[in-house]
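A short write-up of the structure that comes next.
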Amino acid sequence: MSLSDPPGGGITFDGVSVWTQDAAGNRVTPILADVSLSLTAARVAIIGANGSGKTTLAKLVAALVLPNLGRVRVNGVDTTVSAREVIRQVGYLFSDPDAQIIMPTPLEDIALTLRYRGVGRKERDRRALEILDEFRLADHAHQPVQTLSGGQRQLLALAGVLAAEPAVLVCDEPTTRLDLRWRHTIVERLSALPQQVVLVTHDLEAAAACPQGAVIADGRLIATGSGRDCVERYRDLIAAQLAGGSVPEGKP
């Protein structure tokens, strides 16, 4: 992922904290703490261990989670003030394609997205077939989704998200369930997109290729910089933990 110029205004976190609450509204579990970060590159990698808070960070970008404290802005739009506008701007690709493919066939699934965009009935199937052809899935247009391979389903999920023409694409572990061939296919697809792509990943090779990265540990921002620099910082962090050290106090 080599693009370095942001296609939009970028994403900013300003003193963002997220925590779970009990029924009385009291803080229970901290998830993210005082994160201030500007994501301005066209390709951004977010890396960290399981449970570090990186998925919550990704969901904040898409307004799927709102901050308890602080502000998140996407291309200048505050997620707390205008969540619907942010949702229109941001596409979210889950690690499990079955979490977002809801129709029986690929054609019907893409057509549903186009329907939500206001595309007329006569145009939907034609445009859906064009999109499937772009993703080399046209031959499977009428095939039951459950008969597709895992890689084909992830590709279909990506096609469905992009059919909504988002300005920003957030990908939460998009290659975790894939073999090497399909991992390469998905990464290459993401690399060629005009949208700003925020890649939450354990795929350190893909992360290192991003011009910008961030490392999250225990809900805190530990490092920012190039993707390659962040991968090295993350490796050092894991090495220190394995050796019995603690997570470093965090600012980049």
Side-chain angles (χ1 to χ4, degrees), residues 1-4 6 9-20 27-74 79-80 90 92-95 168-176 187 190 196-252:
M1 297 186 178
S2 59
L3 296 179
S4 58
I11 301 159
T12 58
F13 294 77
D14 184 9
V16 171
S17 294
V18 177
W19 56 79
T20 61
R27 298 189 192 191
V28 176
T29 305
I31 301 173
L32 289 173
D34 194 26
V35 173
S36 292
L37 176 64
S38 181
L39 306 178
T40 57
R43 300 291 179 264
V44 180
I46 307 296
I47 55 179
N50 291 338
S52 62
K54 62 186 186 301
T55 291
T56 298
L57 190 80
K59 289 183 177 180
L60 284 163
V61 175
L64 300 177
V65 170
L66 297 178
N68 296 104
L69 186 67
R71 290 282 183 258
V72 180
R73 294 179 177 85
V74 179
T79 63
T80 301
V90 181
Y92 196 98
L93 183 67
F94 292 86
S95 60
V168 178
L169 178 64
V170 178
C171 302
D172 188 4
E173 300 288 357
T175 62
T176 295
V187 168
L190 296 177
Q196 183 179 27
V197 177
V198 179
L199 181 65
V200 179
T201 187
H202 290 298
D203 185 336
L204 298 186
E205 181 180 348
C210 293
Q212 186 177 9
V215 182
I216 305 296
D218 287 352
R220 290 180 285 114
L221 178 64
I222 297 300
T224 60
S226 71
R228 188 170 302 279
D229 288 344
C230 286
V231 167
E232 290 306 309
R233 183 69 184 274
Y234 178 61
R235 291 185 189 277
D236 291 342
L237 173 66
I238 296 302
Q241 290 176 333
L242 290 174
S246 61
V247 176
E249 289 298 327
K251 285 296 178 184

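Everything numeric here is computed off the predicted structure, so don't read it as measured data.
We find the CG-CZ distance between Leu57 and Phe13 to be 4.0 Å, quoted to the nearest 0.5 Å. Distance check, rounded to the nearest 0.5 Å: OG of Ser38 to CD of Gln212 gives 7.0 Å. Interatomic distance, Leu32 CG to Arg220 CZ, rounded to the nearest 0.5 Å: 11.5 Å. In this structure, CG on Leu60 lies 7.5 Å from CG on Leu66, to the nearest 0.5 angstrom. Atom CG in Leu199 sits 8.0 Å away from atom CD in Glu173 (nearest 0.5 Å).
Nearest heavy-atom pair across Thr175 and Asp203 is OG1-OD2, 3.8 Å. The nearest pair of heavy atoms linking Val61 to Thr79 is O-CG2, 4.4 Å. Heavy-atom minimum distance, Val44 versus Gln196: CG2-NE2, 4.2 Å. The heavy-atom pair separating Val197 from Cys171 by the smallest distance is CG1-SG, 4.2 Å. Heavy-atom minimum distance, Ser36 versus Gly15: OG-N, 2.9 Å. The minimum heavy-atom distance linking Ser52 with Ile216 is given by the pair O-CG2, 3.2 Å.
By the 4.5 Å heavy-atom criterion applied to side chains, Leu37 and Leu39 are counted as neighbours.
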Starting from the C-alpha separation in whole Å, work towards a yes-or-no answer on side-chain contact (heavy atoms from CB on, under 4.5 Å) for Arg235 and Leu204.
CA-CA 10 Å; Arg235 291 185 189 277; Leu204 298 186; 3.9 Å; yes
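Under the side-chain contact (heavy atoms from CB on, under 4.5 Å) rule, Leu169 has a single partner from Val90, Leu190, Val198, which is Leu190.
Within the 3.5 Å criterion, the main-chain N or O of Trp19 finds a donor-acceptor partner in the side chain of Asn68.
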